[in-house]
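Reviewing the structure listed below.
The structure presented is a predicted model; accordingly, all values stated were derived computationally and were not measured.
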Amino acid sequence: MNAAQDILHPQTTLENGLARLVPTLDPAAQGIKGLRRLSGGASQETWSFQMDGGQGYHLILRREPAAARSGGTGIGMAAEARVIKRVAAAGVPAPQIEHELTPDDGIGAGFVMLRIDGEALPHRILRDDSYTPARAKLARQAGKILARIHQSDPTGLPIPVLSPREVLDDLGHRHRAFGAARPVFSLALRWLAENAPEPRGPKLVHGDFRMGNLMFGPEGIRGVLDWELAHIGDPMADMGWLCMESWRFGSADPVGGLGRREDLFAGYEAAGGDPVDPATVRWWEILSALRWGVIIEEMAAWVREGTDTSVERHVIARRASETEAILLLHLLEGAA
């Protein structure tokens with residue numbers, strides 16, 4: 001196909017490209033079937049398909065969009081693949097990568113991995129009776145997995161090193177670049193700057209460890225997905241992000257809407273993680289609300305500019321006020 005046909009028939013182009021990978025993915029297969037785009041994901045494309053014949057593998061293609069947005073914060077597909085391989089070798093429940101795309105494959109930048117069966121939609125996990133055993137153990141299990149991630153060796157990984165102060169400075173810059181004047185965000189930026197924790201020993205950090213990026217079975221967490229924001233930094237950042245109110249989906253319990261912080265911390269330390277400082281986790285939890293608010297501002301800019309006019313992006317772009325309410329509650333609590 002020529003470039004015009006690629007634009008008009010993107011799924012056909014992708015299907016033909018994946019079909020050419022069949023000898024690499026499973027020499028005994030005759031082709032692929034069931035190619036479909038999965039919903040969700042803020043920046044990367046995710047496609048599901050199955051090998052036709054052979055082992056019948058169910059596979060996932062994670063791919064950079066053809067018209068990648070400028071100014072993205074992800075580490076890039078090649079770096080993400082390296083991170084996933086590194087943590088999987090360390091015992092983290094992560095996807096198994098089968099093939100990293102090359103320019104010769106002709107279908108962009110990304111990788112193919114084995115599908116992890118299970119459920120990632122938070123509303124089902126929080127309410128479906130079949131996930132009752134998983135809900136009961138989430139906090140401790142998440143703590144153990146985070147400890148394993150943070151103990152993984154980051155040496156040689158092409159990912160950024162970020163101190164708490166650098167993360168905060170970046171958020172301030174992005175808010176000023178993409179957002180409108182929000183006094184609550186300005187107040188939060190000042191409070192966070194005045195109360196920033198001392199840098200601690202940097203670890204490999206997932207960067208987006210939350211409900212929606214965890215694949216569940218009835219027995220608990222089966223896989224940790226979406227490593228595009230991995231970096232080297234303060235491991236308490238992952239705990240703060242997981243506990244932030246927007247990832248509780250209406251439930252009261254702070255750990256993903258399903259568990260207590262105390263159980264998260266206990267699971268983390270029992271698995272060999274460094275001693276947890278609850279005050280530092282709280283700082284990261286407040287920063288996480290601001291971070292989500294800034295991300296929402298950026299998505300609103302995508303909508304205004306016509307970069308992404310999907311319904312999903314329109315819905316998310318209207319939620320910045322939610323993070324303002326979260327920040328006010330935290331800051332008032334700290335002032336009491």
> Can you tell if the side chain of V161 reaches within under 4.5 Å of the side chain of E166, non-hydrogen atoms only?
Replying inline: no
> Looking at CG of L242 and CZ of R248, how far apart are the two atoms once the value is rounded to the nearest 0.5 Å?
Replying inline: 9.5 Å
> CG of D104 to CZ of R20: how many Å apart, nearest 0.5 Å?
Replying inline: 10.5 Å
>> Working note: L225 + L214, criterion side-chain contact (heavy atoms from CB on, under 4.5 Å); need CA distance, chi angles, decisive distance, verdict.
In response: CA-CA 6 Å; L225 312 176; L214 303 175; over 6 Å; no
>> Ignoring hydrogens, what is the shortest heavy-atom contact between A142 and F209? Give both atom names and the distance.
In response: CB-CE2, 4.0 Å
>> Is it true that D208 and W241 share a donor-acceptor pair across their side chains at a distance under 3.5 Å?
In response: yes
>> Salt bridge check, D226 against R62: does any charged N sit closer than 4.0 Å to a carboxylate O?
In response: yes
> Is it true that E297 and R182 have a side-chain N and a carboxylate O under 4.0 angstrom from each other?
Replying inline: yes
> Only one of E100, Q96, E80 clears side-chain hydrogen bond (donor to acceptor under 3.5 Å, both in side chains) with K85; which?
Replying inline: E100
>> For R222 versus I116, what's the shortest heavy-atom pair and its separation?
In response: CB-CG2, 4.0 Å
>> I'd like to know whether L61 forms a side-chain contact (heavy atoms from CB on, under 4.5 Å) with T46, so could you lay out the CA-CA distance, the side-chain angles of the two residues, the decisive distance to 0.1 Å, and finally the verdict.
In response: CA-CA 6 Å; L61 167 68; T46 305; over 6 Å; no
> Does a side-chain heavy-atom distance below 4.5 Å link L25 with F49?
Replying inline: yes
>> Rounded to the nearest 0.5 Å, what separates atom CG in L18 from atom CD in Q11?
In response: 10.0 Å
> D274 and E269: which non-hydrogen atoms are nearest, and at how many Å?
Replying inline: O-CG, 4.0 Å
>> Let's go through V22 and I32 carefully: what are the C-alpha distance in whole Å and the side-chain angles of both, what is the deciding distance for side-chain contact (heavy atoms from CB on, under 4.5 Å) to 0.1 Å, and is it a yes or a no?
In response: CA-CA 7 Å; V22 168; I32 70 165; 3.9 Å; yes
> Atom CG of D234 and atom CD of E198: how far apart are they, to the nearest 0.5 Å?
Replying inline: 11.5 Å
> Can you tell if the side chain of I149 reaches within under 4.5 Å of the side chain of W227, non-hydrogen atoms only?
Replying inline: yes
> Are side-chain heavy atoms of M51 and K33 found at a separation under 4.5 Å?
Replying inline: no
>> Minimum heavy-atom separation for M77 and R63, please, with both atom names.
In response: CE-N, 4.0 Å
> Looking only at atom types and distance, does a side-chain atom of D105 sit under 3.5 Å from a main-chain N or O of T102, one as donor and one as acceptor?
Replying inline: yes
> Can D238 and W284 be said to form a side-chain contact (heavy atoms from CB on, under 4.5 Å), step by step?
Replying inline: CA-CA 8 Å; D238 275 336; W284 280 108; over 6 Å; no
> Taking the six-membered ring for Trp, are W247 and W292 parallel (under 30°), tilted (30 to 60°) or perpendicular (over 60°)?
Replying inline: tilted
>> Checking side-chain polar atoms at under 3.5 Å, does T132 have a donor or acceptor matched by the opposite partner on R135?
In response: yes
> Do E322 and R319 meet the salt-bridge criterion of a basic N to acidic O distance under 4.0 Å?
Replying inline: yes
>> When you compare the side chains of D128 and S130, does any donor N or O come within less than 3.5 Å of an acceptor on the partner?
In response: yes
>> Salt bridge or not between R174 and D170? Use side-chain N to carboxylate O under 4.0 Å.
In response: yes
> Quick one: side-chain contact (heavy atoms from CB on, under 4.5 Å) partners of R86, sequence neighbours excluded?
Replying inline: D153, L157
> Quick one: does F185's side chain get under 4.5 Å of T323's, heavy atoms only?
Replying inline: yes
> Does the side chain of M239 reach to within under 4.5 Å of the side chain of T280, using non-hydrogen atoms?
Replying inline: no
>> If we ignore hydrogens and angles and just use 3.5 Å, is the side chain of R148 paired with the main-chain N or O of G143 as donor and acceptor?
In response: no
> Which pair of non-hydrogen atoms, one from R115 and one from S48, has the smallest distance, and what is that distance?
Replying inline: NH1-OG, 4.4 Å
> Can D117 and H58 be counted as having a side-chain donor-acceptor contact under 3.5 angstrom?
Replying inline: no
> Between atom CD1 of I159 and atom CG of L204, what is the distance when rounded to the nearest 0.5 Å?
Replying inline: 5.0 Å
>> Quick check for you: to the nearest 0.5 Å, what is the distance between L59 atom CG and Q50 atom CD?
In response: 8.5 Å
> Going by atom types only, do E245 and H330 share a side-chain donor-acceptor pair under 3.5 Å?
Replying inline: yes
>> We want to know whether E45 and W47 form a side-chain donor-acceptor pair, criterion being a heavy-atom distance below 3.5 angstrom.
In response: yes
> Heavy atoms, side chains only, cut-off 4.5 Å: are E219 and P133 in contact?
Replying inline: no
> Is there a donor-acceptor contact under 3.5 Å from the side chain of D52 to the main chain of Q30?
Replying inline: no
> What are the two closest heavy atoms between M244 and I326, and how far apart are they?
Replying inline: SD-CD1, 4.3 Å
> Does atom CZ of R127 have more than 12 heavy-atom neighbours, drawn from other residues, nucleotides or ligands, at distances under 6.0 Å?
Replying inline: yes
> For the ring pair H99 and F111, is the centre-to-centre distance below 6.0 Å?
Replying inline: no
> Residues two or more places apart in sequence or in another chain: which of them pass side-chain contact (heavy atoms from CB on, under 4.5 Å) with R140?
Replying inline: D263, A266
>> Between V224 and V87, is there a side-chain heavy-atom distance shorter than 4.5 Å?
In response: no
